There are 2 protein chains.
Amino acid sequence: MLMSEAPRTASRAPSTLEDVARVAGVSRATVSRVVNATRNVDPAIREAVLAAIAATGYAPNRAARSLVTRRSETLALVVSGAGGTPDELARVVGDPFFGRVVAGVISHLRPRGMHPVLMFAEAGETREQVVAFLRQGNADGALIVSTHAQDPLPELITSAGLPAVLFARPAALLPISYVDLAHQEGGRLAAEQLLATGRRSVATICGPLDVPAAQDRLAGFRETMARRGHAYVPVVEGQFTQESGAAAMERLLDEHPGVDGVFAANDLMAAGACEVLREHGRTVPDAVAVVGFDDSGAALTCRPPLTTVRQPVEEMAAEMARLLVERVEHPDRPVASVIFDPQLVVRESA
Amino acid sequence: MLMSEAPRTASRAPSTLEDVARVAGVSRATVSRVVNATRNVDPAIREAVLAAIAATGYAPNRAARSLVTRRSETLALVVSGAGGTPDELARVVGDPFFGRVVAGVISHLRPRGMHPVLMFAEAGETREQVVAFLRQGNADGALIVSTHAQDPLPELITSAGLPAVLFARPAALLPISYVDLAHQEGGRLAAEQLLATGRRSVATICGPLDVPAAQDRLAGFRETMARRGHAYVPVVEGQFTQESGAAAMERLLDEHPGVDGVFAANDLMAAGACEVLREHGRTVPDAVAVVGFDDSGAALTCRPPLTTVRQPVEEMAAEMARLLVERVEHPDRPVASVIFDPQLVVRESA
DNA sequence: ACAGACGAGGAGAGCGCTCTCCGCTACGGA
DNA sequence: TCCGTAGCGGAGAGCGCTCTCCTCGTCTGT
């Protein structure tokens with residue numbers, strides 16, 4: 001192929017409905033009806049229109065359509081609370097959790113010919129940008145994944161009257177739809193797995209206690225342990241990072257040397273714990289069993305591979321998309337929430 | 001906050017330019033000029049308009065604007081060649097490489113108030129969707145990251161006359177802009193590191209040889225080795241997967257038991273090689289040094305952490321965005337390419 | 001003091017599409 | 001035979017914005 005004159009499938013001026021109508025010898029309205037399959041059209045005319053569309057290489061102009069339908073057929077996927085630097089961004093985006101969210105969202109949107117716009121909001125101003133973006137009609141609604149519990153974005157979106165669905169219940173009471181996991185149930189699964197493998201001295205590394213999900217995981221874990229006769233369970237708080245998990249494990253070994261089972265509120269902390277245990281010569285799972293949470297990539301790369309509590313993230317994300325599309329189409333319906341059940345994935349660590 | 005009557009920052013009918021004009025007592029044109037800072041406007045009038053905008057809660061309608069400007073102020077970020085199932089999607093999106101690309105793109109786009117639309121194209125039909133999406137004016141251009149060398153999307157886009165920038169040089173000669181890495185230089189860095197650590201019997205696990213990048217890495221590696229007196233270097237071809245890296249290492253150990261240094265053309269294969277070496281009781285780096293390529297997450301989770309050749313992915317992605325924006329604004333300028341230099345990251349494996 | 005130039009606001013024509021009417025034809029029942 | 005009705009195509013009015021003129025007022029130069 002020569003560099004200079006590339007073949008022009010699309011010629012200079014893109015063709016319009018008017019052009020197609022002229023070629024097909026019908027009115028704009030009829031072409032529109034064929035394009036949108038909006039009313040019965042005589043088969044012969046339909047064919048003629050289709051031929052004209054092919055001949056002219058017509059592609060409907062989305063801006064013109066949006067202008068009258070007041071719909072962009074686009075959703076925003078907002079990661080809120082992410083840091084602004086490329087490094088932090090890369091960390092968030094590179095997180096397998098994010099990948100699973102995107103995959104779930106896409107799986108619902110793609111069959112509908114929709115594609116998400118990716119946005120990241122952190123400092124005050126970028127949150128306003130998100131709201132402005134939606135208010136300008138760039139997107140019909142927002143799928144919001146907050147990395148922090150106290151994220152103000154849901155409130156902003158709600159008070160602007162824009163459709164949105166959250167991943168995880170908002171910290172404050174808000175008239176907004178969300179999907180979430182039965183975190184307590186996840187804590188219960190972890191407890192039962194540890195007890196089932198015969199552990200007698202069990203501790204837990206919980207997540208930051210201002211995060212509702214971390215609270216719930218801990219509560220479910222504790223309650224189940226208590227119900228099985230373990231009234232006291234040592235708890236150390238981590239920050240959902242591998243380092244904090246390692247530090248917590250050090251402390252646990254220090255204060256409770258006899259520990260033989262650990263539930264970490266996410267896989268990253270569990271991986272940190274495993275590393276510390278190995279350094280201390282405690283084999284996993286023989287000396288100490290470890291259960292993680294999330295079933296992230298860390299669960300697989302960890303040695304040994306982690307037994308963990310899996311969130312059906314893809315399904316949850318797909319449900320978010322479903323809820324949002326539904327809300328965009330029927331703004332009058334009440335907000336809804338869907339809670340998913342976690343699942344225990346047994347690998348080698350417990 | 002009550003669930004029923006949320007405060008309406010944006011009232012029912014969004015206000016238009018017309019509304020603002022009426023409130024400010026000026027014409028639509030003047031308001032437009034203020035909004036777009038397109039011409040000098042009398043300070044007093046300007047203030048009045050600004051006040052009216054605040055009072056009405058006006059947000060410009062993007063569809064209407066796009067209709068006349070023929071610009072969507074949106075770019076598509078296309079991952080082409082990705083699998084269609086949620087699992088495969090999650091794998092691609094969860095790849096730290098993708099995260100770094102997104103971070104780089106965002107870092108350039110966000111200051112300009114632009115946000116990328118995420119699209120995945122795999123089978124034939126979804127590629128057409130991407131083209132249709134662009135032709136409808138949903139996005140002004142495409143940033144394309146192909147996972148396979150023989151991806152037909154660049155050709156499709158080019159022949160439709162749509163602006164696009166590729167990550168990595170296209171396999172076929174195409175009038176299209178791209179950014180790429182000096183892969184040969186990367187191969188050279190790997191060779192020199194292995195030689196610098198005193199390795200005498202060096203082999204390489206190269207990537208699929210239909211991928212230009214794999215060829216270049218191999219060529220750069222070989223040439224440097226040859227120049228340093230190592231005329232023959234055993235080569236085993238891998239498929240850029242951890243399994244293929246492991247298999248290649250097995251074969252290398254079998255055919256060349258004396259090997260004491262290995263350059264794997266990506267980190268995943270290097271990780272596979274490390275695992276096999278460990279199983280065979282060869283310590284890394286003492287018995288065998290291993291150098292990877294990419295500096296992906298695998299380089300860090302690998303035991304020992306990999307010495308590897310890093311691509312400045314964020315910068316490359318940002319440059320892609322820059323090139324594309326430039327091309328959208330000046331379609332008549334010739335296509336351009338920018339080649340980045342790799343960097344050796346020394347960790348523990350070599 | 002007057003002509004010319006310049007600067008700034010207003011009027012109005014669309015951008016390409018959807019959607020509500022309206023009109024025409026064909027057909028069925030009384 | 002005639003009217004009611006269903007079905008389908010056409011006409012035309014915007015959707016909210018930008019942008020090109022046009023007009024008018026003011027400022028400069030002689």
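In the text below, chain A, chain B and the rest are named by the order of the sequence lines, each starting its count at 1. The structure presented is a predicted model; accordingly, all values stated were derived computationally and were not measured.
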A.B. asks: Looking at D/dG10, D/dC15, C/dC17, which one has an atom nearest to any side-chain atom of A/A64?
C.D. replies: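 Closest nucleotide among those given: C/dC17.
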A.B. asks: Side-chain N or O of B/S27 less than 4.0 angstrom from OP1 or OP2 on C/dG10?
C.D. replies: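 Looking at the OP1 and OP2 atoms of C/dG10, one of them is under 4.0 Å from a side-chain N or O of B/S27.
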A.B. asks: Can you tell me if A/S80 and A/R127 form a side-chain donor-acceptor pair at under 3.5 Å?
C.D. replies: yes
A.B. asks: Using whole Å, report how far CZ of B/R46 lies from C1' of C/dG9.
C.D. replies: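 Rounded to whole Å, this separation is 16 Å.
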A.B. asks: Roughly how many Å is it from CD in A/Q136 to P in D/dC15, rounded to a whole number?
C.D. replies: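 My rounded result for the distance is 20 Å.
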A.B. asks: Would you call A/E326 and A/R322 a salt bridge, using N to O less than 4.0 angstrom?
C.D. replies: yes
A.B. asks: Return the value, rounded to whole Å, for the distance between atom CG of A/N36 and atom P of C/dT18.
C.D. replies: 5 Å
A.B. asks: Within the 4.5 Å heavy-atom criterion, are B/R22 and B/E18 side-chain neighbours or not?
C.D. replies: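 When only atoms from C-beta onward are counted, B/E18 and B/R22 do touch, with a gap below 4.5 Å.
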A.B. asks: Check whether any side-chain nitrogen or oxygen of B/T30 sits under 4.0 Å from OP1 or OP2 of C/dG10, and answer yes or no.
C.D. replies: yes
A.B. asks: Of the nucleotides D/dG9, C/dG9, C/dG14, which one has an atom closest to the side chain of B/D42?
C.D. replies: C/dG9
A.B. asks: Considering every strand and a 4.0 Å limit on heavy-atom distances, what is the contact class for A/R70: base, sugar-phosphate, or nothing?
C.D. replies: sugar-phosphate
A.B. asks: Is a donor-acceptor contact shorter than 3.5 angstrom present between the side chain of A/R62 and the base of C/dG16?
C.D. replies: no
A.B. asks: Does atom CZ (A/R46) have a neighbourhood of more than 12 heavy atoms from anything else shown, all under 6.0 Å?
C.D. replies: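 No.
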A.B. asks: Looking only at the side chain of B/T69 (C-beta and beyond, no hydrogens), which of the listed nucleotides D/dG10, D/dC19, D/dG14 gets closest?
C.D. replies: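 Closest nucleotide among those given: D/dC19.
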A.B. asks: What is the distance from CD1 of A/I45 to P of D/dG10, rounded to the nearest Å?
C.D. replies: 6 Å
A.B. asks: Starting the side chain at C-beta, find the nucleotide from C/dG16, C/dC19, C/dG9 nearest to A/A29.
C.D. replies: C/dC19
A.B. asks: Looking only at the side chains, is there a donor atom on one of A/T56 and A/D19 sitting less than 3.5 Å from an acceptor on the other?
C.D. replies: no
A.B. asks: When the distance from CG of A/N40 to C1' of C/dA26 is rounded to whole Å, what number comes out?
C.D. replies: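 That distance rounds to 16 Å.
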A.B. asks: Want to settle it: does B/L67 or B/R33 sit nearer the 5' end of DNA chain C, counting the closest nucleotide to each?
C.D. replies: B/R33
A.B. asks: Please state whether the rings of A/F98 and A/F120 are parallel, tilted or perpendicular, taking 30° and 60° as the class boundaries.
C.D. replies: tilted
A.B. asks: Whole-Å distance between C/dG10 P and B/R22 CZ?
C.D. replies: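 Atom CZ in B/R22 sits about 14 Å away from atom P in C/dG10.
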A.B. asks: What's the closest nucleotide to the side chain of A/R28 if the choices are D/dG9, D/dG12, D/dT18?
C.D. replies: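 Nearest to the side chain of A/R28 among the choices is D/dG12.
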A.B. asks: Looking at D/dC17, C/dA8, C/dG16, which one has an atom nearest to any side-chain atom of A/N61?
C.D. replies: C/dG16
A.B. asks: Can you tell me if B/S32 touches the phosphate of D/dT18, counting only side-chain N or O atoms and a distance under 4.0 Å to OP1 or OP2?
C.D. replies: yes
A.B. asks: Counting side-chain heavy atoms from CB outward, which of D/dC17, D/dG16, C/dG10 is closest to B/R65?
C.D. replies: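 For the B/R65 side chain, the nearest candidate turns out to be D/dC17.
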A.B. asks: From the set D/dG16, D/dG10, C/dC19, return the single nucleotide nearest to any side-chain atom of A/V68.
C.D. replies: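 Given the options D/dG16, D/dG10, C/dC19, the side chain of A/V68 is closest to C/dC19.
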A.B. asks: Identify which nucleotide among C/dC17, D/dG9, C/dG9 has an atom closest to any side-chain atom of B/R39, counting heavy atoms from C-beta outward.
C.D. replies: C/dG9
A.B. asks: Separation of A/L17 atom CG from C/dT18 atom P, in whole Å?
C.D. replies: 6 Å
